[in-house]
Amino acid sequence: MEKLSNPRKTIEIIQKYKFVFQKKFGQNFLIDAHVLDKIIAAAEITKEDFVLEVGPGIGTMTQYLAESAGKVVAVEIDKALLPILEETLEEYENADVIHADVLKLDIGKLVREQNGGRPIKVVANLPYYITTPIIMGLFESHVPIESITVMVQKEVALRMQAQPGTKDYGALSLAVQYYAEPYLAANVPPNCFMPRPNVGSAVIRLIRHEEPRVSVKDEALMFRIIRASFNQRRKTLQNGLNNSPEISTSKEQIAEAIAALGLPPGVRGEALTLEQFAALADKICG
Ligand code: SAM
């Protein structure tokens, strides 16, 4: 069968099944072979790999993944795509489709049952409306994952890899970089998709650290501090923490902890590294 990366083939399949694109599911299908080659190369897929694909759509990327990987499991929420995937993936015996909402699926169980608990690679052209819950859910659930290579909104890719003191730096940069090392693999313009999204896209690769980048006594407290410091970007770190309903520490203790780290009282959250947020959390929790 001719590959779906050929736009003519995608149109033919969509017409044959009278498929109607669902905006609510973030459906923008890839129609560019060059971009698909780049994603597969960036993800460094080999025949040894077990790949989890989130949202196969009509199976465009799944076809490429199945050719390079040992096994592909693709999780799709839209029931209307299931008969299409049966046809487009017919020739690929190592590709399975699961009909589920990826946010509700027990991925840890899937990896235990189907890959003996060994680390998997996640590759996807993500539905943009749930990019953060998907990625953070995968990291926080401690599913064994080697890397995540995904198409996301360009602006989100920039935030994930942003460094302290830059305008894109924030809670997402710190959360992602706590678990993984991000690399921007490609910028992808809207005309590589059908229908065209109204934002630019980028492929980002997140290579999971063996251990989180910093060690901290109370991980949840550190993330509450991070959220509180970026909630009000223009405020100082001290005011951000004092005003947050998530932080119960007294004003005096907060001021002391900031001073103990050698930071000026007027410092803003955006200036702190992950290591400094961890040290601050350790000081605050005593
Ligand atoms: N992989 C295909 C491609 O590259 O052409 C489609 C990518 S499209 C951007 C996102 C896909 O994710 C759609 O097929 C959509 O139906 C699916 N999707 C959306 N929300 C989902 C969810 N919660 N769980 C699983 N799949 C979802």
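All values below come from the heavy atoms of this structure, side chains included, with hydrogens, waters and symmetry mates left out. Throughout, residue positions are numbered sequentially from 1 according to the sequence presented. Everything numeric in this text was worked out from a predicted model, so none of it was measured.
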* Keeping the roles fixed (side chain from Arg159, backbone from Leu172), state whether a donor-acceptor pair exists under 3.5 Å. => no
* **Check: Gly70 main-chain N/O paired with Lys47 side-chain donor or acceptor under 3.5 Å** => no
* **Sidechain-backbone polar pair: Ser201 side chain, Met151 backbone, donor-acceptor under 3.5 Å** => no
* With a 4.0 Å cut-off, would you call Arg213 and Glu275 a salt bridge? -> yes
* **Among Val188, Asn125, Leu65, Leu30, the one residue meeting side chain to side chain contact (heavy atoms under 4.5 Å, CB included) with Ile39** => Leu30
* Could you list the residues that satisfy side-chain hydrogen bond (donor to acceptor under 3.5 Å, both in side chains) with Asn115, not counting sequence neighbours? => Arg118
* Asked: Would you say Asn6's side chain and Lys3's backbone share a donor-acceptor pair under 3.5 angstrom?
  -> no
* Cluster overlap Ile207 with Ile148, hydrophobic side-chain contacts below 4.5 Å -> no
* Structure fact -> Only one of Glu53, Glu67, Glu76 passes side-chain hydrogen bond (donor to acceptor under 3.5 Å, both in side chains) with Thr62, and that residue is Glu53
* Positive for ring-ring contact (aromatic ring centres under 6.0 Å, His included) with Phe223, one of Phe139, Tyr178, Phe277 -> Tyr178
* Heavy atoms from other residues, nucleotides or ligands near NZ of Lys154 exceed 12 (cutoff 6.0 Å) -> no
* Structure fact -> Distance col, row Phe50:CZ vs Lys71:NZ, nearest 0.5 angstrom, shows 6.5 Å
* Asked: What do you reckon, is CD of Glu246 surrounded by more than 12 foreign heavy atoms closer than 6.0 Å?
  -> yes
* Asked: Does NE2 in His34 sit with more than 12 non-hydrogen atoms of other residues, nucleotides or ligands closer than 6.0 Å?
  -> no
* Establish whether Val203 and Phe29 are linked, either directly or via other cluster members, by ILVMFWY side-chain heavy-atom contacts under 4.5 Å. => no
* Working to the nearest 0.5 Å, report the span between CG of Asn242 and CG of Leu237. => 9.0 Å
* To do: Take atom NZ of Lys18 as the centre, draw a 6.0 Å sphere, and report whether it contains more than 12 heavy atoms from other residues, nucleotides or ligands.
  => no
* Hey, quick one: are Val75 and Met61 part of the same hydrophobic cluster, counting side-chain heavy atoms closer than 4.5 Å, chains of contacts allowed? -> no
* Asked: Could you go step by step and tell me if Met222 and Leu274 meet the side-chain contact (heavy atoms from CB on, under 4.5 Å) rule?
  -> CA-CA 9 Å; Met222 179 178 76; Leu274 179 59; 4.1 Å; yes
* **Charged N-O contact under 4.0 Å between Lys16 and Glu12** => no
* **Main-chain N/O of Leu241 paired to Ser244 side chain as donor or acceptor, under 3.5 Å** => no
* Structure fact -> For Asp106 and Lys109 the tightest heavy-atom approach is OD1-N, 3.0 Å
* Which atoms form the tightest heavy-atom contact between Lys9 and Glu2, and what is the distance? -> CG-O, 3.6 Å
* Identify the heavy atoms of Gly117 and Pro144 that sit nearest to each other, and give their distance. => O-CG, 3.3 Å
* With Tyr169 via ring-ring contact (aromatic ring centres under 6.0 Å, His included) - residues at least two apart -> Phe230
* Asked: What's the spacing between Leu138 CG and Ile120 CD1 if we round to 0.5 Å?
  -> 7.0 Å
* Asked: Do Glu146 and Arg208 have side-chain heavy atoms sitting under 4.5 Å apart?
  -> no
* Asked: Do the side chain of His209 and the main chain of Gln177 share a donor and acceptor less than 3.5 angstrom apart?
  -> yes
* Structure fact -> The reported gap from CE in Met194 to CG in Leu4 (rounded to nearest 0.5 angstrom) is 10.5 Å
* **Main-chain N/O of Ala66 paired to Asn94 side chain as donor or acceptor, under 3.5 Å** => yes
* Given the rule that I, L, V, M, F, W and Y join up when any side-chain heavy atoms are under 4.5 Å apart, are Val150 and Phe25 in one cluster? -> yes
* Main-chain N/O of Ala202 paired to Asn187 side chain as donor or acceptor, under 3.5 Å -> no
* **Inter-residue atom distance Lys104.NZ - Ile77.CD1, 0.5 Å rounding** => 7.0 Å
* Minimum heavy-atom distance Ser229-Ile225, with the two atoms named -> OG-O, 2.6 Å
* **Verify same cluster id: Ile130, Leu105 (apolar side-chain graph, 4.5 Å)** => yes
* Is there a donor-acceptor contact under 3.5 Å linking the side chains of Gln27 and Asp78? -> yes
